[in-house]
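Written out below as structure tokens is the structure these notes cover.
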Number of protein chains: 2
Amino acid sequence: MGGHSMATLRDVAREAGVSVATASRAINGLGNVTAPTRAAVMAAVKKLNFVPHSGARSLTRRKTDTVGVILPDLFGEFFSEIIRGIDLVAHESGMHLLLGNMHGSTHETAAAIAAMRGRVDGLLVMPPDLKPELLADYLDPALPTVLLNYDAGPLDLPFVAVDNYQGAYRMTEALLARGAKQVVHIAGPKHNRDARDRQRGFTDAMAKIGGVRTPAILPGDFSEESGAQAARLLVQGQLPADAVFAANDQMAVGLIAALAEAGKSVPGDIMVAGFDDIPLARHLNPSLSTMQVHIDRLGSTAMMMLLRMLRGETLGAANATILTPELIVRGTTGGPIADGVAGGGQP
Amino acid sequence: MGGHSMATLRDVAREAGVSVATASRAINGLGNVTAPTRAAVMAAVKKLNFVPHSGARSLTRRKTDTVGVILPDLFGEFFSEIIRGIDLVAHESGMHLLLGNMHGSTHETAAAIAAMRGRVDGLLVMPPDLKPELLADYLDPALPTVLLNYDAGPLDLPFVAVDNYQGAYRMTEALLARGAKQVVHIAGPKHNRDARDRQRGFTDAMAKIGGVRTPAILPGDFSEESGAQAARLLVQGQLPADAVFAANDQMAVGLIAALAEAGKSVPGDIMVAGFDDIPLARHLNPSLSTMQVHIDRLGSTAMMMLLRMLRGETLGAANATILTPELIVRGTTGGPIADGVAGGGQP
DNA sequence: CTGTAAAGAGTAACCGGTTACAACGTCCAA
DNA sequence: TTGGACGTTGTAACCGGTTACTCTTTACAG
């Protein structure tokens, strides 16, 4: 109802017969307003259907109650989980989320960050493959910022990351403990930080525990199809292997399907392991062994750090949080060993 | 580098020795500025590391280049797909997304919408179970708004929805065509619009095609667990059934697992069908027959409509788009029938 | 040589709120 | 009665940009 564009504070003030200052004070519940005056203002608010203009408000208050979130192009699961984690914490503090769209290119990243100025109180950024120096140029040092999955050492910014190296190391260790002699790794995209760390973890574990200097590594790009491709290479190339460790679950899924087509049994002929624990993992048949990453915690932890900064604390790289993934043993590696640890099982 | 808080246009103007107006024009590339003047301004911009304050800018321009997105608490897959769809289109037009957090409660919905005022140029709202009248109170009639999965008839707002009724009808039809005599439906949450429409589609199809007046319907809530529960009821209660149509895939997944535990074979003893086509569906063993809903298109279509409105077009309920889900026949209903229609098959 | 148009640059109002400061009125003590 | 303290309300500046309008200056036609 009412006019074309919305009522402003001035309109309310006029309607209530008071000044804008008084109207503002009444609306914001500041003490120094008489009861009848406040009532008059409130009546005008109701009548005109007034809603404060958050844009204008944040200009003077120098506070937007919004945090900017800049993520790269993410595969569904990961994206939604991280946002969910952020939102969970943000919501409790009445914060809104402004999603910047940086689709790949470095240039767009800069633009996305610039567009945030004056619209957010803080920033959550996940710079996929950006040099720290460049990042420094883009970021406003006065704007509280937390990095996701990225250690920008020299910048001294707080960050939250997953211990990919450790996770890959432990998974490889587990495969070897299961009796695998020839473990093959399917790597992720070359430029990708997570992928590289996982590969290093694998290589190191193979060297230190398995005593293998140059383990076999097949290329991949985190996609299901690239996992299938690796499987074909494996089978046709006669590459000897009794276990495959894919850098993520997605590829493991493609791998398993392709192995099945080639007549190989999992885990009979070959064991398979992934990384991430996507929801699909437990539903596969056999179910997929993997390293569980609580992606949502990545987001919620980062958001909590940012909130602390907004409250005035000064956080730096020293406050970084490293999340350790958890080993989940399922069917593709032969199932959990009943070594008397876990209780509650049927005799 | 530089001072504590960022440089303003005034600072730039002073540094370049021109007025703010000229600085503004130079920065925005308006024609009426001499080359040397523009150069001087640009130099100052570089030197001071100036980035325009989007908040202030949008106040005068009356344009924020942002659309507000208000969604209920959504299960992961759905949420991320819808956002992805929206972002895809928004990004092309250089728009940003402001996520409002309305976690369930009606009161929060109102707050979320109100908080958007002055921060967005338009709104994309998915009101889960809100009465149209209430919605009318909350929404600003002057703000272009598109509804998701919601037909607010009397409000005359454009919306995008999935034809749940039609989809359920067609799926039921398909099950009957497969020879099922006793089809049981597992319903979704009572208050949920989609769930109700799907149930109606099922009931009508059973009546018109199957000649069954009161088909068996088991309660559910869209969760995996409720699907499993339904399976137990089915088996223990000796409810005669040769096919089950779950109102969504999630429940179908739980159902299948529980049926397997009970020693029932799918599709041998009993056929199973779902709705949504979540990524998991094709990976199950046997793979799940379902109605494919392109959730991302729900988002992208809505965003495209909103863009048209922002360009000045006037859209109403008459411009609604109804997305028709597609029947995907897979293993849980016995696999596609090779009835000579689809080409390209091996002889 | 003068009149005028066009282009470049400046002044100040404005977007819609918030808030420092001043003005006003009331009540009470001296 | 008067002065001071206190509490309510109004005036106006301000947040950081944009832009209508005005003032100069320069170029060019008459």
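Below, chain A is the first sequence line, B the second, and so on; all start at residue 1.
In terms of phosphate contacts, A:T8 brings no side-chain nitrogen or oxygen within less than 4.0 Å of OP1 or OP2 of C:dC15. In this model, the phosphate group of D:dT8 is not approached by any side-chain N or O of A:T34 to a distance below 4.0 Å at OP1 or OP2. Within the structure, a side-chain polar atom (N or O) of A:R57 is placed less than 4.0 Å from OP1 or OP2 of C:dT18.
Rounded to whole angstrom, the span from the CG atom of B:L59 across to the C1' atom of C:dC14 amounts to 9 Å. Here C:dA9 presents its P atom at 13 Å from CG of B:L30, a figure rounded to the nearest Å. The CZ-C1' distance, from B:F50 to D:dT18, rounds to 12 Å in whole Å. Rounded to whole angstrom, the span from the CG atom of A:L9 across to the P atom of C:dG16 amounts to 11 Å. Distance A:R10 CZ to D:dT11 P: 12 Å, rounded to the nearest Å. Between the CZ atom of B:R61 and the C1' atom of C:dG16 there is a distance of 18 Å, rounded to whole Å. In this structure, CZ of A:R62 is placed 11 Å from P of C:dT19, rounded to the nearest angstrom. To the nearest angstrom, P of C:dA22 lies 16 Å from CG of A:N32.
If you check every strand for non-hydrogen atoms under 4.0 Å, B:S24 touches a base. Backbone-only contact: B:R117 has heavy atoms under 4.0 Å from sugar-phosphate atoms and none from a base.
Applying side-chain contact (heavy atoms from CB on, under 4.5 Å) to A:V67 and the options A:V120, A:L306, A:D121 leaves one that passes, A:L306.
Side chain to side chain, A:E108 and B:H91 meet the donor-acceptor criterion of an N or O pair below 3.5 Å.
Between B:D11 and B:R14 there is a salt bridge, since a side-chain N of the basic residue sits under 4.0 Å from a carboxylate O of the acidic one. Under a 4.0 Å N-O distance rule, the pair A:K63/A:D65 qualifies as a salt bridge.
With hydrogens and angles ignored, no donor-acceptor pair under 3.5 angstrom links the side chain of B:R38 to the base of C:dG8.
In terms of position along DNA chain C, the nucleotide closest to B:T60 lies nearer the 5' end than the nucleotide closest to the other residue of the pair A:V20 and B:T60. Heavy-atom nearest nucleotides on DNA chain D were determined for B:P52 and for A:T37, and the one closer to the 5' end corresponds to A:T37.
B:I70 places none of its side-chain heavy atoms less than 4.5 Å from the side chain of B:Y138.
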